[in-house]
Amino acid sequence: MRHHFWKWPIPVYLFLGGLGGGIFCLSAVLSLILFPGIEAVPTALAWPCFIGICCLGFGCLMLVADLGQPMVFYRAFVKSTSVLAWGARLLTVCMIFGLLWFVSYVPWDWFRPVADLFVFFRGLNLAIAGIAGTCIMLYTGIFLSTLKSHAFWATPALPVLFTISALSTACAAIALSIGWWPATTSIFTESGVMNILASQECKHILHTVDVVLVVCEIVVLLVMVLSFLGAGNKTANKVAHKWVHGSYALAFWGGMIAVGLVLPELMYIFLDGTIASSVIAPVFVLFGGCLLRFMVVNSDERAPLPGENEYFNKVAKRDAEFVTKWTYGENIY
């Protein structure tokens, strides 16, 4: 069946949610586990986390916009049995505690009394935001895989794929923005030199991690798609054929595999230390992650229910004669 009920806001929501959650997950790992007690590391990560907050906030707006009734958006938070509700709550928790953590690093003199209130809770706030961010990454794939009527989504591989992709895009986003405001980068101050060194060390770690993540993403993506290509489920098989050598083939092989995964991997490995590795490759990774969500969400074919095709075949078309000639309120019988 080809009835698209989800438009472009949903893949944007899934991409930004996974990206924001991944940023907070990696920031918590770097600050609290790999470099505990080194204040320059979380300071350098403050701006990437602010970008993560913006991604989560804009993603929530996309979700509300797609609900069709924005004024009753609160229902997405109160329906306890809904996977969507848990996702909305996780996004809210991550944004709140992430914002409280970021506020403690704002350097404006007039804002200092407010920032000082949250300095003591920095570790706790970042830990909660990091845990919520990790759950958000998993949620973006689980959200689709619970819809069993859509064969291409109903696979355990999808949460794994979306989680790996979220971590990879988060590595790319952090590498592009680490060390910006409010971190100081003056070589004439001790804090500036420490921030520069911390940024470079984090970039090196993220670079190495993303090399591994991109390989994992290629493997999981190809295994998932090619397994559906030989699957007995006709609906999933049809979608896989569309991806491999159908209408989505150019976007899949050219956009997602080549530009979004293979080219960044080659740049990471063979052009390390150049602008291609530090700027172009992360941008390509972000492009590939966004394209992945759009292609998956638009691959929502499902097997028709018994009698569904017969019903839609009998429903009058909009251009049927008795429909076009009928006037609202008119009763000629």
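Residue numbers count from 1 along this sequence.
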Sequence-distant partners of [X], ring pair (Phe, Tyr, Trp, His ring centres under 6.0 Å), two or more places apart:
| X | answer |
| --- | --- |
| Tyr13 | none |
| Trp108 | Trp110, Trp181 |
| Phe143 | Trp6, Tyr139 |
| Phe102 | Phe50 |

Non-hydrogen atoms of [X] and [Y] that approach each other most closely:
| X | Y | result |
| --- | --- | --- |
| Ile136 | Gly17 | CG2-O, 3.2 Å |
| Leu176 | Ser278 | CD2-O, 3.6 Å |
| Ala132 | Val93 | CB-CG1, 4.1 Å |
| Leu126 | Ser27 | CD2-O, 4.0 Å |
| Thr155 | Met224 | CG2-SD, 4.1 Å |
| Gly288 | Met256 | O-CG, 4.3 Å |

### Query
Can you tell me if CZ on Phe58 sees more than 12 non-hydrogen neighbours from other groups inside 6.0 Å?
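Result for CZ/Phe58: open.
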#### Entry: More than 12 heavy atoms of other groups within 6.0 Å of Met194 CE
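Atom CE in Met194 is not packed in, count stays at 12 or less.
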Would [X] end up clustered with [Y] when hydrophobic side chains under 4.5 Å apart are linked, directly or stepwise?
| X | Y | result |
| --- | --- | --- |
| Leu45 | Ile131 | no |
| Phe287 | Leu292 | yes |
| Val215 | Leu213 | no |
| Leu263 | Leu271 | yes |
| Ile275 | Ile269 | yes |

How would you list all residue pairs meeting salt bridge (charged side-chain N to carboxylate O under 4.0 Å, His left out) that involve [range], not counting sequence neighbours?
| range | value |
| --- | --- |
| residues 158-172 | none |
| residues 192-218 | none |
| residues 26-52 | Glu39-Arg122 |

With sequence neighbours excluded, tell me which residues meet side-chain contact (heavy atoms from CB on, under 4.5 Å) with [X].
| X | answer |
| --- | --- |
| Cys55 | Leu16, Leu19, Ile51 |
| Ile96 | Thr92, Leu100 |
| Thr208 | His204 |
| Val262 | Ile218, Ile257, Leu266 |

### Message
Within the 3.5 Å criterion, strictly below it, is a donor on Arg293 or Thr140 matched to an acceptor on the partner's side chain?
### Response
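Thr140 and Arg293 do not have a side-chain donor-acceptor pair below 3.5 Å.
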Under the 3.5 angstrom rule, does the side chain of [X] hit a backbone N or O of [Y] as a donor-acceptor pair?
| X | Y | result |
| --- | --- | --- |
| Trp153 | Val296 | yes |
| Ser145 | Ile142 | yes |
| Ser168 | Ile164 | no |
| Asn237 | Leu229 | yes |

#### Entry: Side chains of Leu167 and Cys171 in contact at under 4.5 Å (non-hydrogen atoms)
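Leu167 does not reach Cys171 side chain to side chain.
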#### Entry: Contact check, side chains of Asn298 and Tyr248, non-hydrogen atoms, under 4.5 Å
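Yes, their side chains come closer than 4.5 Å.
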### Task
Go through Trp243 and Phe228 one step at a time and tell me if the ring pair (Phe, Tyr, Trp, His ring centres under 6.0 Å) criterion holds.
CA-CA 10 Å; Trp243 278 47; Phe228 279 133; 9.5 Å; no
### Which residues share a salt bridge (Lys or Arg N to Asp or Glu O under 4.0 Å) with Asp109, sequence neighbours left out
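Checked Asp109 against salt bridge (Lys or Arg N to Asp or Glu O under 4.0 Å); zero matches.
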### Task
Please report the C-alpha distance between Leu158 and Phe152 in whole Å, then the side-chain angles of each, then the deciding distance to 0.1 Å, and finally whether the side-chain contact (heavy atoms from CB on, under 4.5 Å) criterion is met.
CA-CA 9 Å; Leu158 192 60; Phe152 195 74; over 6 Å; no
### Output field: ring centroids Phe24/Trp101 closer than 6.0 Å
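Ring centroids of Phe24 and Trp101 are no less than 6.0 Å from each other.
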### Message
For Tyr268 and His207, take the angle between the two ring planes, folded into 0 to 90°, and tell me which bin it lands in: parallel under 30, tilted 30 to 60, perpendicular over 60.
### Response
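Because their plane-to-plane angle is over 60°, the rings of Tyr268 and His207 count as perpendicular.
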